[in-house]
Amino acid sequence: LTQVGMPVQAYLEDSSVTAQGSLALSATATQTIEAIVVAASGAISAGTVGVGLSGAGVSADNRISANVRAYIDGDGASGLGITADDVILSATDTSTITADAGAGALAAAFSGSLGITLSIGVSIATNSITNQVKAYIINADSLTSESVDISATETASVDALSVAASLSVAVGSVGIALSGAGSNSTNVIANEVEAFIEASTVETTAGDVSVVATSSNSISALVGAVAAAVSGGSVAVSGAIGVSLGRNRIGYKEQDGTGLHNTVLAYIKTSTVTSNGSISVKAAATDNASLESFSGSVAIAVGIGAAVAG
């Protein structure tokens, strides 16, 4: 388990301010997780009776959950309020997860009479980014400046690889080879990105009021599983199965109503905003997800017997 979570905040709380220049509050966070997890196993036996058992499993769980805020809450009890040439509030986050998980298993048995092998490879990868990125003015009774610029920006990406492979070989008068491989990758991005003015009185004397929330998310995942079983003898039996599952979710809701939402909000609520320029409130989101999943299995029996692959 690799987890990154932290508060990154720049704020002014219950304070009066008189500034001859700009009043700027900026909270910026950058989180990066790079994980490579690999497991391998092998078993080889030989004799009158040969039995080979091999299993390899790997699990990678990576999480980013940051609280990034730039805000003004209240303007003090003195009645002076907040005055500045410009008011700039900026909350920005960049989160990246790159995770590779792989498992491989090999089992082989060679005998004069009975040879039995079983190999299993399993790879599981879970990656999630759940951040709160917010920039806002709230409970300010008097805020006056030439311009007000409030922005919340999130850029999140997940690049995931989960692969499993398994090979089983059995040779004898009676040869039985069984092989299984399974891989699963679940990737989630569910952020809260908000820019707003609430319960406040804001006035700009020369410039604009801008309230902007922007989100850009991307998930790229490759999931694969390959299994092979080979048996040889007077009686030969082989079985192989490969299964791969992949899910990419940028916000989701389950059938029972639970889930995580990816929200991007920009608003002005229960406030008085006066501007000599323009008032702009904008929320924008760009989301991309790609998933490549493959699975394969091969079963070979040489002799009198059967081979099954699925």
Side-chain angles (χ1 to χ4, degrees), residues 1-9 27-39 57-70 91-103 121-135 152-164 182-195 213-225 243-265 283-295:
L1 171 64
T2 303
Q3 185 167 347
V4 175
M6 66 190 76
V8 180
Q9 301 185 2
T28 302
T30 301
Q31 288 84 224
T32 301
I33 293 177
E34 296 182 357
I36 299 175
V37 185
V38 178
V58 62
S59 176
D61 189 352
N62 304 296
R63 306 175 189 178
I64 293 176
S65 183
N67 184 355
V68 185
R69 298 180 186 232
T92 304
D93 177 77
T94 302
S95 296
T96 304
I97 295 177
T98 303
D100 297 333
V122 178
S123 175
I124 300 173
T126 303
N127 304 294
S128 66
I129 298 176
T130 55
N131 295 324
Q132 292 185 350
V133 183
K134 300 183 180 184
T153 305
E154 171 66 65
T155 303
S157 65
V158 176
D159 189 351
L161 171 68
S162 179
V163 177
S183 64
N184 179 73
S185 179
T186 301
N187 307 292
V188 175
I189 294 177
N191 298 314
E192 297 178 18
V193 185
E194 299 181 10
T214 306
S215 174
S216 178
N217 303 311
S218 65
I219 300 176
S220 176
L222 174 62
V223 189
V243 178
S244 66
L245 302 173
R247 293 185 297 176
N248 293 339
R249 294 179 167 185
I250 300 178
Y252 67 94
K253 185 177 181 180
E254 303 288 4
Q255 291 183 351
D256 62 1
T258 61
L260 295 172
H261 300 288
N262 190 72
T263 59
V264 185
L265 301 175
T286 302
D287 299 323
N288 295 290
S290 65
L291 173 63
E292 296 181 28
S293 179
F294 68 89
S295 64

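Residue numbers run from 1 in the order of the sequence given.
- The shortest non-hydrogen separation linking Thr92 to Val68 is O-CG1, 3.8 Å.
- To the nearest 0.5 Å, the span separating CG on Asn67 from NZ on Lys134 amounts to 8.0 Å.
- The shortest heavy-atom contact between Glu154 and Val133 is OE1-CG2, 3.2 Å.
- Between the CG atom in Asn248 and the CG atom in Asn217 there is a gap of 12.0 Å [rounded to 0.5 Å].
- Of the options Ser123, Ser59, Ser185, a side chain to side chain donor-acceptor pair (under 3.5 Å) to Ser162 is made by Ser123 and by none of the others.
- Once rounded to the nearest 0.5 Å, the distance linking CD of Gln31 with CZ of Arg63 reads 15.5 Å.
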Inset, instruction - Verify side-chain contact (heavy atoms from CB on, under 4.5 Å) between Val163 and Ser183, making sure each step is shown before the conclusion. - result: CA-CA 6 Å; Val163 177; Ser183 64; 6.0 Å; no
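- Residues Asn262 and Ser215 come closest through the heavy atom pair ND2-OG, 4.2 Å.
- Counting all heavy atoms, side chain and backbone alike, Gly246 lies closest to Leu291 at O-CD2, 3.4 Å.
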Legend entry - Working for side-chain contact (heavy atoms from CB on, under 4.5 Å), residues Ile64 and Asn131: CA-CA 7 Å; Ile64 293 176; Asn131 295 324; 3.7 Å; yes
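- Of the candidates Thr126, Val37, Asn127, Ile124, Thr126 is the only one forming a side-chain contact (heavy atoms from CB on, under 4.5 Å) with Asp61.
- Asp93 CG to Ser95 OG: the interatomic distance, rounded to the nearest 0.5 Å, is 3.5 Å.
- Without hydrogens or angle criteria, Asn191 side chain to Gln132 main chain gives no donor-acceptor distance under 3.5 Å.
- Within the 3.5 Å criterion, the main-chain N or O of Phe294 finds a donor-acceptor partner in the side chain of Ser244.
- Partners of Asn288 according to the side chain to side chain donor-acceptor pair (under 3.5 Å) rule, which considers only residues two or more places apart in sequence or in another chain, do not exist here.
- When all heavy atoms are compared, the tightest approach of Ile97 to Ser128 is CD1-O, 3.5 Å.
- Between the side chains of Thr98 and Glu34, no donor-acceptor pair is found at a separation under 3.5 Å.
- Here the straight-line distance linking atom CZ of Arg249 with atom CD1 of Ile189 works out to 13.5 Å at 0.5 Å rounding.
- Minimum interatomic distance between Ala225 and Val243 (heavy atoms only, all atoms of both residues): CB-O, 3.3 Å.
- Going from atom CG of Asp159 over to atom OG1 of Thr96 covers 10.0 Å, rounded to the nearest 0.5 Å.
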